[in-house]
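Notes follow the structure.
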Amino acid sequence: TQAQIGVTGLAVMGANLARNLARHGHVVAVHNRSLSRTTKLVEEHGDEGTFLACETPEEFVAALERPRRVLIMVKAGAPTDAVIEEFAPLLEPGDMLVDGGNAHFLDTRRREAALRERGIHFVGTGVSGGEEGALLGPSIMPGGSKESYAALGPLLEDISAKVDGVPCCTHIGPDGAGHFVKMVHNGIEYADMQLIAEAYDLLRHGTGLDPARLADVFDEWNRGELSSYLIEITAEVLRQVDASTGRPLVDVIADRAEQKGTGRWTVQIALDLGVPVSGIAEAVFARSVSGHVELREAARGLPGPSGVTDKALGEEFVEDVRRALYASKIIAYAQGFDQIRAGSAEYGWDVDPGALATIWRGGCIIRAVFLDRIREAYEEETPPVTLLTAPLFVEALGLAQDSWRRVVAKAAELGIPVPGFSTALAYYDSLRAERLPAALIQGQRDFFGAHTYRRTDREGSFHTLWSGDRSEVGA
Ligand code: NBP
């Protein structure tokens, strides 16, 4: 027998994807740089399907039916280039090299172009869902050529998560499109996690409820419009008791959030594209602030409110926070989808945002009932310029906004930092504003740098002779 697909790189993600493929009845060739992982996989899970264990790249390539499908699941960056260089010379025109790691989409563009010259389809593929998703059904975001999707799509759709029978996998667009949307997915994930963390912080300080009781609140929220994987696991984490101290685990975990980089990439690229993803940026910065121990130690004790109310806030406050969370979440996702639209335009990918919302409904970390609302928004006859103006979100924001404003005001009054909630509200108010103070900024720029400005009543660029008679001249 020949294998329909091969997986090289058998750490947790690669091993679980290989098992997922085998469990779906596909013959899978498996290979890893160090043989021990290959042996372990086949020893422990060989009975789950048909694995062809291969010691060398040559043996691995020979085990594959043609055109060959090779899924690379190694550490992103230099290891991925090393593996490509190892396998590409062994492949033939028409074969497919699939990179399922968290590659930067610019690396994927470079690799795709180089391999295309050699006749090999390089398919940069976003995979979300962590280890469990890889085994039980991830959300899969393949880029690359249409031709390669025709050969790979059925396999990938087969092992992906399903929602209402629809696979959480679709062809995203050429070259780096898959890794680009995976990057923004992770950015949105950062924003969503930050917003949930702020909601928890507000409730903890505002209501005085302990983590176990707050877990009940999140469970309750998980039954409504906020229903999502992240809300669900928030309740689980809050309910966890530390075995060694008997305290809530969340009170024992060091409050310094770490990051692997995809959130940062999202913001870096957003700055290059000129897209205001303030929710994602604040989430990345909030993690960064939490990790700056020396700054926090130096500043602890600066004057301000204690963050605690003298009077416990009740049910109404809990509902206010829930609504503020939902509104802020709409903003964060709208900004992320805006970045995808901008990236798609910049690189000519023609990414379908509705299809993306569809495949994010299951398998991935941001899976949520909410993604179905986004899918519906893009299914309207005239898709919205921004999700904020989709009728169902206009209504939701209208319902939420009094609560949202009260919560942000309360947080400021109590001295509880809510960068995610407040930047979301500021973005909302900026977009709806009739006039922005950007006019004054243009005046300042013209004053010190003769940068010129446009007028509301006439075409053209203008400059005021600030250091002369202050008359206006056309530029
Ligand atoms: P790791 O990211 O920890 O990578 C370990 C694998 O890379 C091992 O198989 C290792 O082989 C191999 N490798 C390295 Br390191 N350098 C190599 C080289 N020069 N040549 C050949 N192989 C090399 O594994 P992971 O956590 O399973 O993640 C795999 C990919 O999936 C990453 O890109 C990750 O970002 C991405 N991803 C991870 C998650 C997640 O939840 N963990 C989710 C989505 C995507 P060895 O065994 O011989 O050392």
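When a residue number appears, it is its place in the shown sequence, counting from 1. What you see is a predicted model, and the numbers here were worked out from it, not measured in a lab. Heavy atoms only: backbone and side chains are in, while hydrogens, waters and symmetry mates are out.
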Please tell me if the side chains of Phe180 and Trp265 come closer than 4.5 Å, counting only heavy atoms from C-beta onward.
no
Atom CG of Leu10 and atom OG1 of Thr38: how far apart are they, to the nearest 0.5 Å?
5.0 Å
Go through the structure and list residues passing side-chain hydrogen bond (donor to acceptor under 3.5 Å, both in side chains) with Ser128, not counting sequence neighbours.
His185
Minimum heavy-atom distance Ile366-Trp360, with the two atoms named
CD1-CE3, 3.7 Å
Just checking, Arg287 and Tyr190: is the charged tip under 6.0 Å from the six-membered ring centre and within 45° of the axis?
yes
Once rounded to the nearest 0.5 Å, what's the spacing between atom CZ of Phe87 and atom CD of Glu58?
8.5 Å
Please list, chain by chain and in numerical order, all residues satisfying salt bridge (Lys or Arg N to Asp or Glu O under 4.0 Å) with Asp272, sequence neighbours excluded.
none
Go through the side-chain N and O atoms of His26 and Asp158 and say whether any donor and acceptor fall under 3.5 Å apart.
yes
The complete set of side-chain hydrogen bond (donor to acceptor under 3.5 Å, both in side chains) pairs with one or both residues in residues 137-150, sequence neighbours excluded, reads His121-Ser145, Ser145-Ser148, Tyr149-Glu157
When you check the gap from the basic side-chain N to the acidic O, do Lys410 and Asp320 get nearer than 4.0 Å?
no
Is there a donor-acceptor pair closer than 3.5 Å between any side-chain N or O of His292 and the backbone N or O of Glu294?
no
CD of Glu65: more than 12 outside heavy atoms within 6.0 angstrom?
yes
Per the salt bridge (charged side-chain N to carboxylate O under 4.0 Å, His left out) rule, what does the pair list look like for residues 335-352, sequence neighbours excluded?
Asp338-Arg341
In terms of heavy-atom contacts, Val42 and Ala53 come closest through CG2-CB, 3.9 Å
Side chain proximity check, Ile359 to Pro167, heavy atoms < 4.5 angstrom
no
Calculate, to the nearest 0.5 Å, the distance between atoms CG and CD belonging to Asn32 and Glu55 respectively.
12.0 Å
Ser344 side-chain N/O to Val351 backbone N/O, donor-acceptor pair under 3.5 Å
yes
Examine distances only and state if a side-chain atom of Arg361 and a backbone atom of Thr358 form a donor-acceptor pair shorter than 3.5 Å.
yes
Filter on salt bridge (charged side-chain N to carboxylate O under 4.0 Å, His left out), then keep only pairs touching residues 120-131, sequence neighbours left out; what's left?
none
Show me the pairs that pass side-chain hydrogen bond (donor to acceptor under 3.5 Å, both in side chains) and involve residues 161-172, at least two apart or across chains.
none
When every non-hydrogen atom of Leu195 is compared with those of Gly420, the smallest separation belongs to CD2-C, 3.5 Å
Full working for salt bridge (Lys or Arg N to Asp or Glu O under 4.0 Å) between Arg375 and Asp372:
CA-CA 5 Å; Arg375 182 186 57 79; Asp372 241 342; 2.8 Å; yes
Taking the side chain from Ser228 and the backbone from Leu226, do they hold a donor-acceptor pair closer than 3.5 Å?
yes
Determine whether Phe51 and Val27 make a side-chain contact, defined as any pair of heavy atoms from C-beta on separated by less than 4.5 Å.
no
Going by side-chain hydrogen bond (donor to acceptor under 3.5 Å, both in side chains), name the pairs with one or both residues in residues 250-259, residues two or more places apart or in two chains.
Arg204-Asp251, Asp255-Arg296
Under 3.5 Å, side chain of Asp95 to main-chain N/O of Ile120, donor-acceptor pair present?
no
Is any side-chain heavy atom of Ile159 closer than 4.5 Å to one of Leu155?
no
Asp175 and side-chain contact (heavy atoms from CB on, under 4.5 Å): which partner among Arg111, Arg110, Glu112?
Glu112
Using the salt bridge (Lys or Arg N to Asp or Glu O under 4.0 Å) criterion, which residues pair with Glu376? Sequence neighbours excluded.
Arg373
May I ask you to decide whether Asp242 forms a salt bridge with Arg247, counting only side-chain N to carboxylate O separations under 4.0 Å?
no
Under 3.5 Å donor-acceptor, Thr423 side chain and Pro419 backbone:
no
Under 4.5 Å between any side-chain heavy atoms of Gln339 and Ile269, yes or no?
yes
Hey, could you give me each pair passing salt bridge (charged side-chain N to carboxylate O under 4.0 Å, His left out) that has a residue in residues 216-227? Not counting sequence neighbours.
Asp216-Arg239, Asp219-Arg239, Glu220-Arg223, Glu225-Arg322
Name all residues meeting the salt bridge (Lys or Arg N to Asp or Glu O under 4.0 Å) criterion together with Glu85; count only those two or more places apart in sequence or in a different chain, and write none if there are none.
Arg118
Once you round to the nearest 0.5 Å, how far does OG1 of Thr234 lie from OH of Tyr229?
10.0 Å
What distance do Ser288 atom OG and Glu282 atom CD have between them, rounded to the nearest 0.5 Å?
11.0 Å
What residue pairs, at least two apart or across chains, pass salt bridge (charged side-chain N to carboxylate O under 4.0 Å, His left out) with a residue in residues 18-33?
Arg19-Glu48, Arg23-Glu48
Among Tyr326, Tyr200, Trp221, which one satisfies side-chain contact (heavy atoms from CB on, under 4.5 Å) with Val321?
Trp221
Let me know which of Leu136, Leu135, Ile140 forms a side-chain contact (heavy atoms from CB on, under 4.5 Å) with Pro138.
Ile140
With a 3.5 Å distance limit and no angle check, can you tell me whether Thr80 reaches the backbone of Lys75 through a side-chain donor-acceptor pair?
yes
More than 12 heavy atoms of other residues, nucleotides or ligands under 6.0 Å from OH of Tyr378: is that the case?
yes
Are Val237 and Phe218 side-chain neighbours, meaning at least one heavy-atom pair lies under 4.5 Å?
no
His179 (side chain) donor-acceptor with Thr125 (main chain) under 3.5 angstrom:
yes
Taking distance alone, no hydrogens or angles, what donor-acceptor pairs closer than 3.5 Å link side-chain atoms of residues 328-336 to residues at least two apart or in another chain?
{"from": "Ser328", "atom 1": "OG", "to": "Ala324", "atom 2": "O", "distance (Å)": "2.8"}
{"from": "Ser328", "atom 1": "OG", "to": "Trp404", "atom 2": "NE1", "distance (Å)": "3.1"}
{"from": "Lys329", "atom 1": "NZ", "to": "Asp192", "atom 2": "OD2", "distance (Å)": "3.2"}
{"from": "Tyr333", "atom 1": "OH", "to": "Asp192", "atom 2": "OD2", "distance (Å)": "2.6"}
{"from": "Gln335", "atom 1": "OE1", "to": "Ser278", "atom 2": "N", "distance (Å)": "3.1"}
{"from": "Gln335", "atom 1": "OE1", "to": "Gly279", "atom 2": "N", "distance (Å)": "2.8"}
{"from": "Gln335", "atom 1": "NE2", "to": "Ser278", "atom 2": "OG", "distance (Å)": "2.9"}

Just wondering, more than 12 heavy atoms not from Glu315 lying within 6.0 Å of its CD?
no
